[in-house]
Amino acid sequence: MSDYELVVESALDGVEHEFEGVTVSEVIGKSLVMVALPRSKFEEIESSMTKSCGLLLPEMEQSTQSKDSAITLWRLQKNQVLAYFSYEGNDAEVNIANRLNAPAYYTDQSDTWAMIRVSGPRSRDVLERICPIDLSKNVFSVGSVSRTIMEHIGTIIYRDGENSYVLLTMRSFGVSMLHAIEVSVKNVL
Amino acid sequence: MIINHPLLGPRDSEEFVYLGSADLIKRPNNWEEDASAEDFYQYQYIRENIAGDHRELWYHEQGDQSWLVVTRNTLSHEILNVELAQDVSREIGRGK
């Protein structure tokens with residue numbers, strides 16, 4: 001047995017910056033696990049998830065939520081979903097596998113992403129300068145999720161509220177992404 | 001340039017990587033026969049240089065990582081049709 005323990009640290013030190021009409025903050029207390037779906041088991045997996053948490057498999061670029069709203073599933077590819085859920089421990093993979101209780105393949109990705117929330121009435125104005133996809137209220141509705149590029153780097157964007165968006169970028173790029181967002185804030189406000 | 005992805009809707013071409021002619025799907029199956037050398041030579045090296053509608057492979061690297069067959073006019077860059085490469089491949093009896 002090792003005589004040390006790995007401690008979870010957030011990618012951006014829990015940063016939270018407030019501007020007029022927009023807040024930029026790190027999302028903490030969330031885990032992210034990839035759930036790979038074997039082609040022959042889509043139906044079996046969906047019925048297991050429905051039974052355990054009231055979850056359905058989302059349509060492409062959409063999300064679904066569990067009955068208690070603690071687990072959100074994102075569908076960015078046909079054969080996999082990402083589980084975004086409230087959990088802070090070191091064993092997110094085991095935790096979600098037990099909660100979903102479905103015969104899929106789980107891979108913990110929590111520590112590989114930096115998660116930044118951009119919220120407030122001006123959030124869309126800030127994001128439309130760095131995000132190439134259409135974020136209009138009706139096109140990118142609440143619950144929509146998409147993988148695209150921002151600042152030339154692959155980024156996932158998820159709309160988790162009327163005026164609230166979560167951006168996921170690779171952890172090593174987190175500080176640069178934060179900078180890009182704040183430059184956009186300064187240009188817009 | 002906007003590519004109208006069959007599953008995801010209109011996306012900027014910046015998210016995609018271009019590979020080349022969609023004929024690359026038609027890799028010869030006769031690799032055990034003597035005649036295959038000529039077929040593989042044609043497959044590997046010989047390309048039409050089309051001035052007009054061209055079917056080509058694009059990869060949605062910064063998106064859902066799907067392969068697409070895009071029909072693009074090489075003179076005007078107009079995109080006329082977008083299909084999933086998976087569907088095109090199955091239509092001609094390849095893959096599962």
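Basis for what follows: all heavy atoms, side chains included, without hydrogens, waters or symmetry-related copies. This one's a predicted model, so the numbers in the text were calculated from it and none came from an experiment. Each chain gets a letter, A, B and so on, in the order its sequence line appears, and its residues count up from 1.
Proximity of B:E14 to A:I149: side-chain heavy atoms (C-beta onward) are separated by under 4.5 Å at one or more points. Within the 4.5 Å cutoff, side-chain heavy atoms of A:R147 are placed close to those of B:Q65. A heavy-atom distance below 4.5 Å is found between the side chains of B:D64 and A:M60.
Scanning residues 26-62 of chain B against chain A with a 4.5 Å non-hydrogen threshold yields B:E61, B:Q62, sorted by number. Near-neighbour residues of residues 111-145 of chain A relative to chain B, defined by a heavy atom under 4.5 Å from a heavy atom of that chain, comprise A:P132, A:I133.
Between the CD atom in B:E15 and the OG atom in A:S146 there is a gap of 7.0 Å [rounded to 0.5 Å]. Expressed to the nearest 0.5 Å, how far CD of A:Q77 lies from CG of B:L7 amounts to 11.0 Å.
Connection of A:V94 to A:Y106 is not established within any shared hydrophobic cluster, with ILVMFWY side chains joined at heavy-atom distances below 4.5 Å, either directly or through further cluster members. Cluster annotation: B:I3 and B:V69 are assigned to distinct hydrophobic clusters (Ile/Leu/Val/Met/Phe/Trp/Tyr, side-chain heavy-atom contacts under 4.5 Å, transitive). Linking Ile, Leu, Val, Met, Phe, Trp and Tyr whenever their side-chain heavy atoms come within less than 4.5 Å puts A:V185 and A:V15 in one cluster.
Remark: A:E9 CD is loosely packed, at most 12 non-hydrogen atoms of other residues, nucleotides or ligands lying under 6.0 Å away. Within 6.0 Å of CG on A:D13 lie no more than 12 heavy atoms contributed by other residues, nucleotides or ligands.
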